[in-house]
Protein chains: 2
Amino acid sequence: MGVSLKDIAERAGVSLATVSNVVNGYRPVGERSRQRVQRAIDELGYTPNLSARHLRRGRTGLIALAIPELTNPYFAELAEIAIREAGRHGYTLVMENTAAAYDAELSLLNGAQRHVIDGLIFGPVRVGRDEVLARTSDTPLVLIGEGVHDVPHDHIAIDNVAASRRAVQHLMELGRQRIAFIGARVGDESQAAHLRLRGYRAALTEAGLPYRPELVALTAGFGRHDGVRAMRNLLALDEPPDAVFGYNDLIAIGAVRAVLEAGLGVPADIAVVGIDDIEEGRFGTPTLTTIAPDKEKIAHLAVRRLVARIEGAAVTGPLALATPFRLVPRETTGFSSAAGTG
Amino acid sequence: MGVSLKDIAERAGVSLATVSNVVNGYRPVGERSRQRVQRAIDELGYTPNLSARHLRRGRTGLIALAIPELTNPYFAELAEIAIREAGRHGYTLVMENTAAAYDAELSLLNGAQRHVIDGLIFGPVRVGRDEVLARTSDTPLVLIGEGVHDVPHDHIAIDNVAASRRAVQHLMELGRQRIAFIGARVGDESQAAHLRLRGYRAALTEAGLPYRPELVALTAGFGRHDGVRAMRNLLALDEPPDAVFGYNDLIAIGAVRAVLEAGLGVPADIAVVGIDDIEEGRFGTPTLTTIAPDKEKIAHLAVRRLVARIEGAAVTGPLALATPFRLVPRETTGFSSAAGTG
DNA sequence: AGATGCCTCTATAACGTTATAGAAGCGCTC
DNA sequence: GAGCGCTTCTATAACGTTATAGAGGCATCT
């Protein structure tokens, strides 16, 4: 077993409590004692036993990030930032994969983590407003993404309607008229696809273009193959689209591949826009035009909000925070871009 | 605070120890008591306090996966599998990003985790054999990947020499003669690039082709932009290569992009092979020929080995395990492949 | 001088769990 | 009926930490 406070106390000839106070500064300690303790710590190589600390404090120092899948680069990039930020605040982040499964999301929401955690950052996909409202756990919760809205919890996300509208506007500025939407259906009543779909419709309406249901392809998942499959169906239409707005970059990338596989050109025949600005989109051919959310900001805000809640700090301002985004035009909409730029 | 053993004991009218025995079956408990306790648990909704359990048991139930970056899809895919497998064994996996930094790797190796962990799965990049041999921590350790070899620790990886040889052989079977290698240099004395470089050289030698140092481009990192930059340099040669073997898929994808950006064709002018078989390679255009390691097997073995060591089970067989791999021919070497296949 | 206050420091009781030693009850043998 | 062994249970001491109550020393004020 390792070196404990007791060993340090004996070595330094002071009480246990004094050592504890040197270590975590709860009470002031005189200069002479402090130095003696510090020397003993250095000599014996003391590191606090976190299990004991957490038992005593009632906190574990663990926060969970629950996301559908780590293999979606958007979430991997977000997770990487969140891990760093959590570390900066003295917390360790554990990943909880929901695999976009309703049951997994529900039990996570209600506190069935593998480890006891102090707080949860949650990007819901299947679970809706009702489930969040009916939550039984009282662990602090910060929501991210477009899954659930209008609940009494902190919520960090871009303005999905505005972002989608911007993406579709971009396509219309190129003169495209038959613009398709490929997006994940998350359950009929869910708001997720709705927001991006709503932005899509809003943009069309504002421009005086008709909304054509046959150009809206809902998918089962959020991956590249979902985009491929949906695009193949759209290409089989009597009048295929001349542009596609994808729910996210992965779907957009799948759509691009399906178009190219069909022998058509991107953007010559069909222009494509996604959302997320994953690095992959900056290196494929053609490079992918996208809406870039500020991932740093999202992750930072989510972690900080959560930590503030955990530590009981007063959080001022509104619960829901809209983070900035910007349009990054690249080759799939006819803008040149050297690899890795934008 | 939550419900504790004590609450259950009072409710069921038995001692604390009996409740504990019902919960974790250390000692047999009579049928009548067991039922009373079980009912009390169900009624009060007891979940054990893991901090206390870990304090008492001296274990935390946490294992760490230390990898250079989560944004490398290979590691994200590996991590996702490892998280699941760890969960299956009752452990929670925490991610430790080394960012491929020497200091971070060294301190991780020597037990400077943010949280107390029971074991470590480590994919070293900067740190070498010497550092692993000189390790001061005695937390169980399982190495993965090609970073360090010949140390007295469990080690799971593909046979990198054989895999690289296979990749280069594939290029030669297409009739390519000037085959370049783009790979990460991990420090001069490191064995990482050496193994894959060694396989590359072995394949050339076996085929009677000369080894040309100017066709070996070493990179600083493992990302797409490293591949782009290196490829641009290779294209600037008087006699550019007609094929490229990339250290991993990301580098290969960067190389492809650089070739296309230069107005050349893949594979018409330059064929490309990578290693990792990340999903991205199955949806880009052209799709990427690659060496596919068995990621499931790597992650499963690593977790199981580690858990066995932690729990003191006897591990038979050799320390180092070579996991299988296979060549997946796709468009970058002239083989057709529909999106997502292979 | 006595009261008051401020610094330091210490002793100790938790936090919730598990492992150990042993008590109680009961049936069996001699 | 004493002795023994078995099963079932209990009391209790840790595990290493932190928060609370308060003791002791010394200066300052009334």
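Every chain is numbered from 1 and lettered A, B, ... according to where its sequence line falls, protein lines coming before strand lines.
Atom CD1 of A/Ile8 is separated from atom C1' of D/dT18 by 16 Å (rounded to the nearest Å). Rounded to an integer number of Å, the gap from B/Leu5 CG to C/dT17 P is 4 Å. The distance from atom CG of A/Leu55 to atom P of D/dG16 is 12 Å, rounded to the nearest whole Å. Remark: C1' of D/dA19 and CZ of A/Arg59 are 14 Å apart, rounded to the nearest angstrom.
Between the CG atom in B/Leu16 and the CG atom in B/Asn21 there is a gap of 10.5 Å [rounded to 0.5 Å]. The structure places CG of B/Asn72 at 8.0 Å from CD1 of B/Ile67, a figure rounded to the nearest 0.5 Å.
Under the 4.0 Å criterion applied to side-chain N and carboxylate O atoms, B/Glu105 and B/Arg126 are not assigned as salt-bridge partners. Salt-bridge annotation for B/Arg309 and B/Asp154: present, with a side-chain N of the basic residue lying under 4.0 Å from a carboxylate O of the acidic one. A salt bridge is defined here as a Lys NZ or Arg NE, NH1 or NH2 lying under 4.0 Å from an Asp or Glu carboxylate O, and A/Arg59 with A/Asp118 fails to meet this definition.
Looking at heavy-atom distances under 4.0 Å, A/Thr18 makes contact with a base. When heavy atoms are screened at a 4.0 angstrom cut-off, B/Val23 is found touching no nucleic acid atom at all.
Close to D/dC9, at under 4.0 Å from its OP1 or OP2, lies a side-chain N or O of B/Ser33.
In this model, a side-chain donor or acceptor of A/Arg56 finds a partner on the base of C/dA14 within 3.5 Å. Residue A/Arg53 places no side-chain atom within donor-acceptor reach of the base of D/dT17, judged by atom type and a 3.5 Å distance cut-off alone.
When each of A/Ser20 and B/Glu31 is assigned the nucleotide of DNA chain D bearing its nearest heavy atom, the one mapping closer to the 5' terminus is B/Glu31.
B/Pro124 approaches B/Ile144 most closely through the heavy-atom pair CD-O, 3.6 Å.
Contacts with DNA chain C (heavy atom under 4.0 Å) in residues 39-48 of chain B: B/Tyr46, B/Pro48, listed by number.
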